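Every value quoted in this text rests on a predicted model; they were computed, and no experiment measured them.
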Amino acid sequence: MLHLRSTLLAISLFITHSSLLITATDAVTPDAAWSRNLETPISASPILRDLDGDGDLEILISSLIGQVFLLDHQGDTLSGWPKSTALFQRTSPNVGDINGDGKLDIVVGDNDGKLHAWDLDGVAKDGFPIQLQGSIKSVVRLVDLTGNGASELLVHTGASRLYLLDGAGNDLEGWPIDLGGDQDLFGSWAIASTPTIVDFDYDGTFEIAVGSTNDQVHVFNLDGTVVDGWPAQTGDWVYPSITAIDLNGDYELELVAGSGDGKLYAWSASGDTMPGFPVDIDQAIVASVASANITGSKFPELVVADLSGKVYCYSSEGNLLEGWPQAADSGIVGSPIIVDANADGALDILVPSRDNRVHIWQADGTRITTVALTATDWIEATPAAGDLDNDGLLELIYASYDGLIYRTELASPNTQPHTTWASFRGDDSPLIDQSAGDSDRDRLPDQLEYHTFGTLAHSGNDDNDYDGSTNFDEWTAGTDPTSANDRFTVTMILEANEYGTTLGLLWEAHPGRSYQILYTESLATAEVNWQPIGELIHSSQHERIEWYSNDYETPDQCFYSIQVQRN
């Protein structure tokens, strides 16, 4: 079950009741001397990872004839690679420690439904390949979901089945799940929604979101049960991966996805449609939605590309921004990314297209023509940006049906990754797969940590301002974890009336919170038996709340406390 974020904040009261000018000097072109010819069409996106811990990024990529390559940051094939899978390999490999031995492994699914795993030297892992039902058309997610020190394997197949396996290939209890819908729709050329891992309630236990061909977005708990409020219905298949992003600045994750019905959807964690959505684009959407704060506004924007070749930029409330849409000369299958492409300090939108180009636009829709990103054939794969050689500057890697991997030096600083959307699914990890929301599992939203502390180094259990309330409690209550003068406090008040004196409680309420009054007769036991009084008190604004007791509700002598919940 999905639980509300809550914390017991005890007050034990014992009582008797603009865009920049781009010049020719900014021009950047692919480094032809570096580009590598894999001699086979490439449809899968490159994955950039630091596999050996030396600071340089390695490149993982697969080709359409079924080869999986591991290249160093200079583009040279590493010993033991490539490895072979089935024909029509359209999914990217991924990396994680699947057996908990402290060493990374490379995993990929193929078009025959086989799940392959190798160590970094290219040696097949024991028990692999593993046969699943249906072709594997999405990236295998590798995250330690259970906290046992080893990455589980989360796989969506063309049989419309969602698998969760341990590192030995065994199904976890409650899995696999039949999502319903068409099986292996469009055959070998189809794709499938790569699962997205979130922690909606920041309790350290993850939820799994995925689109399906039965026109729904599903969200499951780790035991395979359905999260309350889901699935959400769309008007057609949902091939894109689900984008998890905080749309309204409350540090709660919303889910965003495009659909074959040509609409852009957004839902809250409870499955409710967000205000302003769905947005009718009127063309089928296969590409996943990219999101970042592109314009410098308070909230992030959404970038979506459709199969006709148009690119749209929407506000977090579903409003089309001025200057959009823009268009490529052919259809778009790969997903947009968002990075600084021309070293002007502003984020740009990069979109791969079947017109043999990666198009680049500024936030206002102005095309950047001084950065030439071209190939001699279709570019279907999502590009990836990262600091390949650890020199503090970004490089861009993109691949094409011409069999080439292209490298472009962007000369842009490798800024804090949380501000960009640098690759497929917005992945900003240089090492391993991560979940959305709370990637370091410390009970604090990543965006809250970056905004408040500028780093992920602090946890929910810390008390940074030494005021007696943990960072998690302060986030729950809506107070400032960096100010000792701002913490959740409750004051006892007394009101004289014709019957005597009535006890009351007074506190500062914050929007998006609910408050439950609790009482207990004793604090002497190991587990205090708190009992609720009345209904939840909801607050939609910053306000002072007064609550007064009734004699019949509580004993003559008791302690009071208030439980704060984020709605």
Q: For Tyr163 and Thr157, indicate whether the former's side chain and the latter's backbone hold a donor-acceptor pair under 3.5 Å.
A: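 Absent.
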Q: Is the number of heavy atoms from other residues, nucleotides or ligands under 6.0 Å of Lys125 NZ greater than 12?
A: yes
Q: Show the nearest heavy-atom pair for residues Leu388 and Glu395, with the distance to one decimal.
A: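 Nearest pair, atom of Leu388 first, then Glu395: N-OE1, 2.7 Å.
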Q: Let me confirm one number: the CD1-OG1 distance from Ile360 to Thr366, rounded to the nearest 0.5 Å.
A: 13.0 Å
Q: Are any side-chain N or O atoms of Ser412 and backbone N or O atoms of Asp340, one a donor and one an acceptor, separated by less than 3.5 Å?
A: yes
Q: Would you say that His359 contacts Arg367 through its side chain, given a criterion of any heavy-atom pair below 4.5 Å between the two side chains?
A: yes
Q: Would you confirm whether the ring centroid of Tyr398 sits within less than 6.0 angstrom of the ring centroid of Tyr406?
A: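 For Tyr406 and Tyr398, the ring centres are under 6.0 Å apart.
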Q: Check Pro352 against Ile332 and note the closest heavy-atom contact, atom names and distance.
A: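 Pro352 and Ile332 have their closest heavy atoms at O-CG2, 3.4 Å.
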Q: Check the side chains of Thr295 and Glu301 for a donor-acceptor pair under 3.5 angstrom, ignoring hydrogens and angles.
A: yes
Q: Could you label the plane-to-plane angle of the Phe200 and Trp230 rings as parallel, tilted or perpendicular, counting under 30° as parallel and over 60° as perpendicular?
A: parallel
Q: Inspect the surroundings of CG in Asp126 and state if more than 12 heavy atoms from other residues, nucleotides or ligands are less than 6.0 Å away.
A: no
Q: Run the side chain to side chain contact (heavy atoms under 4.5 Å, CB included) test on Asp105 and Asp97 for me, step by step, so that the C-alpha distance in whole Å, both residues' side-chain angles and the decisive distance to 0.1 Å come before the verdict.
A: CA-CA 5 Å; Asp105 309 298; Asp97 178 6; 4.0 Å; yes
Q: Taking all atoms of both residues into account, what is the closest heavy-atom pair of Val286 and Pro240, and its distance?
A: O-CG, 3.3 Å
Q: Taking the side chain as C-beta and beyond, is there a heavy-atom pair between Pro82 and Val68 under 4.5 Å?
A: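 Pro82 vs Val68: side chains apart.
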Q: Would you sort out whether Leu87 and Asn111 count as a side chain to side chain contact (heavy atoms under 4.5 Å, CB included), showing the intermediate values?
A: CA-CA 7 Å; Leu87 289 174; Asn111 197 53; over 6 Å; no
Q: Under 3.5 Å, is there a donor-acceptor pair between the side chain of Ser241 and the main chain of Thr194?
A: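 Flag set: sc Ser241 to bb Thr194 pair under 3.5 Å.
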Q: Do Phe69 and Leu60 come close enough that some side-chain heavy atom pair is under 4.5 Å?
A: no
Q: I'd like to know if the side chain of Tyr202 reaches the main chain of Asp442, judged simply by a donor and an acceptor atom lying under 3.5 Å from each other, with no hydrogens or angles considered.
A: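 Looks like no, no N/O pair under 3.5 Å.
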Q: A side-chain contact here means heavy atoms from C-beta on lying under 4.5 Å apart; do Tyr251 and His451 qualify?
A: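 Tyr251 reaches His451 side chain to side chain.
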Q: Output yes when a side-chain donor or acceptor of Asn221 lies under 3.5 Å from a complementary backbone atom of Asp223, and no otherwise.
A: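 It does not hold such a pair.
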Q: Quick one: closest heavy-atom pair of Thr196 and Ala244, and the distance?
A: CG2-CB, 4.2 Å
Q: Can you tell me which residue among Val210, Val238, Val256 is in a side-chain contact (heavy atoms from CB on, under 4.5 Å) with Val217?
A: Val238
Q: Going through the distances and angles, do Val289 and Val303 end up as a side chain to side chain contact (heavy atoms under 4.5 Å, CB included)?
A: CA-CA 6 Å; Val289 177; Val303 179; 5.8 Å; no
Q: Can you tell if the side chain of Ile177 reaches within under 4.5 Å of the side chain of His218, non-hydrogen atoms only?
A: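 Result no, sub-4.5 Å side-chain heavy-atom pair not found.
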Q: Please check this pair: side chain of Thr91 against backbone of Gly109, looking for a donor-acceptor N/O pair closer than 3.5 Å.
A: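 Checking the backbone N and O of Gly109 against the side chain of Thr91, a donor-acceptor pair under 3.5 Å is found.
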Q: Should Trp361 and Ile368 be marked as a side chain to side chain contact (heavy atoms under 4.5 Å, CB included) after you check the CA-CA gap, both sets of side-chain angles, and the distance that decides it?
A: CA-CA 6 Å; Trp361 291 279; Ile368 296 178; over 6 Å; no
Q: Treating Ser62 as the side-chain partner and Gln67 as the backbone partner, does any N or O pair qualify as donor plus acceptor under 3.5 Å?
A: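 A pair under 3.5 Å: no.
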Q: Does atom CD of Gln131 have more than 12 heavy-atom neighbours, drawn from other residues, nucleotides or ligands, at distances under 6.0 Å?
A: yes
Q: To the nearest 0.5 Å, how far apart are CG in Asp110 and OG in Ser135?
A: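 One gets 9.0 Å once the value is rounded to the nearest 0.5 Å.
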Q: List the steps and the verdict of salt bridge (charged side-chain N to carboxylate O under 4.0 Å, His left out) for Arg443 and Asp438.
A: CA-CA 7 Å; Arg443 303 180 72 212; Asp438 184 17; over 6 Å; no
Q: Any donor-acceptor pair under 3.5 Å linking the side chain of Thr273 with the backbone of Trp267?
A: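 A pair under 3.5 Å: no.
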Q: Quick one: closest heavy-atom pair of Leu48 and Ala385, and the distance?
A: CD1-C, 3.9 Å
Q: Measuring from atom CG of Asp203 to atom OG1 of Thr205, what distance do you get when rounded to the nearest 0.5 angstrom?
A: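 Here the rounded value is 4.5 Å.
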Q: Using the salt bridge (Lys or Arg N to Asp or Glu O under 4.0 Å) rule, collect all pairs that involve residues 350-363, keeping only residues at least two apart or in two chains.
A: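 Residue pairs with at least one partner in residues 350-363: Arg354-Glu380.
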Q: Return the OG to CG distance between Ser160 and Asp178, rounded to the nearest 0.5 Å.
A: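 It is 6.0 Å, given to the nearest 0.5 Å.
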Q: Which atom pair, heavy atoms only, marks the closest approach of Trp324 to Val311?
A: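 Shortest heavy-atom separation between Trp324 and Val311 comes out as CE3-O, 3.4 Å.
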Q: Between Ser45 and Thr382 (side chain of the first, backbone of the second, donor and acceptor by atom type, cut-off under 3.5 Å), is there such a pair?
A: yes
Q: Say you draw a straight line from CD1 of Ile42 to CZ of Arg36; how long is it, rounded to the nearest 0.5 Å?
A: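 Rounded to the nearest 0.5 Å, the CD1-CZ separation comes to 12.5 Å.
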Q: Taking the side chain as every heavy atom from C-beta outward, state whether Ile294 and Ile338 have any pair of such atoms under 4.5 Å apart.
A: yes
Q: Can you tell if the side chain of Leu253 reaches within under 4.5 Å of the side chain of Ile245, non-hydrogen atoms only?
A: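 Not in contact.
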Q: Does a donor on one side chain and an acceptor on the other come within less than 3.5 Å for Thr146 and Glu152?
A: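 Looking only at side-chain atoms, Glu152 and Thr146 do form a donor-acceptor pair, the distance falling under 3.5 Å.
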Q: May I ask you to test the Leu64-Arg90 pair for a side-chain heavy-atom distance under 4.5 Å?
A: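 Touching, per the 4.5 Å side-chain cut-off.
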Q: Quick one: CG on Leu302 to CD on Glu317, what's the gap to the nearest 0.5 Å?
A: 11.0 Å
Q: May I ask you to decide if Trp237's main-chain N or O and Asp215's side chain share a donor-acceptor pair within less than 3.5 Å?
A: yes
